[in-house]
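What follows is a single structure, written as structure tokens, with notes after it.
What's counted below: heavy atoms across the whole structure, side chains too, no hydrogens, waters or symmetry copies.
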Amino acid sequence: MDYRLYYMTLRMNIDCNGCYHKIRRALLQMQELESHLIDRKHGRVSVFGAFSPQDVAIKIRKRTNRRVEILEVREAAPPPPPPAGDEGGGGGHVA
């Protein structure tokens with residue numbers, strides 16, 4: 001499947017160390033995620049990667065058996081193209 005890069009923020013109930021570790025294990029098992037951030041104090045989980053937002057939320061819900069609320073989904077900007085120029089391979093100035 002062709003997924004786009006997304007930043008997604010979720011709200012989850014993270015009330016103990018066991019809950020935190022269960023969520024962390026579920027996120028680490030997901031190959032489509034490039035990075036994640038778990039904010040225990042505010043009960044927020046942020047993820048980044050090439051995925052379908054609904055699919056990731058459903059997977060987290062099934063693996064952790066916890067309620068998941070999607071707060072925000074933003075599409076990441078594509079990486080900038082390489083600079084155009086001569087592909088010469090170095091060299092110096094010959095006078």
Side-chain angles (χ1 to χ4, degrees):
M1 292 186 151
D2 183 34
Y3 293 124
R4 298 184 197 150
L5 285 174
Y6 287 103
Y7 291 107
M8 182 167 68
T9 304
L10 307 164
R11 179 182 297 150
M12 297 181 73
N13 187 12
I14 309 169
D15 51 358
C16 67
N17 281 338
C19 301
Y20 169 81
H21 289 294
K22 186 185 285 190
I23 292 167
R24 185 170 181 270
R25 274 194 307 270
L27 294 172
L28 290 172
Q29 291 173 355
M30 301 173 107
Q31 300 298 321
E32 58 265 38
L33 299 183
E34 290 185 25
S35 65
H36 68 270
L37 176 69
I38 302 173
D39 182 0
R40 295 167 90 173
K41 184 176 180 182
H42 296 104
R44 307 248 168 134
V45 176
S46 300
V47 294
F48 172 74
F51 56 81
S52 168
Q54 287 181 328
D55 291 348
V56 168
I58 290 169
K59 282 183 185 179
I60 293 172
R61 164 70 177 98
K62 286 182 178 178
R63 290 181 180 172
T64 62
N65 199 25
R66 296 202 147 301
R67 183 170 173 256
V68 176
E69 180 182 349
I70 298 175
L71 296 177
E72 178 184 19
V73 177
R74 288 186 295 149
E75 190 171 341
D86 82 328
E87 303 286 330
H93 177 65
V94 177

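- Residues Leu5 and Glu34 are in side-chain contact: their nearest non-hydrogen atoms beyond the backbone lie under 4.5 Å apart.
- Tested against Asn65 for a side-chain hydrogen bond (donor to acceptor under 3.5 Å, both in side chains), the candidates Lys62, Arg61, Arg63, Arg67 yield a single pass: Arg61.
- Closest non-hydrogen pair, Met30 versus Val56, comes out as CE-O, 3.7 Å.
- With a 6.0 Å radius and a threshold of 12 heavy atoms from other residues, nucleotides or ligands, Arg66 has its CZ atom above the threshold.
- Closest heavy-atom contact between Phe51 and Tyr6: O-CD1, 3.1 Å.
- Atom CZ of residue Arg11 and atom CD of residue Glu72 lie 12.0 Å apart, to the nearest 0.5 angstrom.
- Annotation: Gln54, atom CD; neighbour count of heavy atoms from other residues, nucleotides and ligands within 6.0 Å does not exceed 12.
- Linking Ile, Leu, Val, Met, Phe, Trp and Tyr whenever their side-chain heavy atoms come within less than 4.5 Å puts Val73 and Ile38 in one cluster.
- When all heavy atoms of Ile70 and Ala57 are compared, the closest pair comes out as CD1-CB, 3.9 Å.
- One distance of note links CG of Leu71 with NE2 of His42; it measures 12.5 Å at 0.5 Å rounding.
- Note that CG of Leu27 and OG of Ser35 are 10.5 Å apart. Values are rounded to the nearest 0.5 Å.
- More than 12 heavy atoms of other shown residues, nucleotides or ligands fall within 6.0 angstrom of atom CD in Glu75.
- You'll find the side chain of Glu32 stays beyond 4.5 Å of the side chain of Asp55, heavy atoms only.
- Hydrophobic clustering of Ile, Leu, Val, Met, Phe, Trp and Tyr side chains at less than 4.5 Å, counting indirect connections, unites Tyr20 with Ile23.
- Counting all heavy atoms, side chain and backbone alike, Cys19 lies closest to Asn13 at CB-O, 4.4 Å.
- Residues Thr64 and Lys22 share a closest heavy-atom pair of O-CD, 3.3 Å.
- Closest of all the heavy-atom pairs between Asp39 and Ile14 is O-CD1, 4.2 Å.
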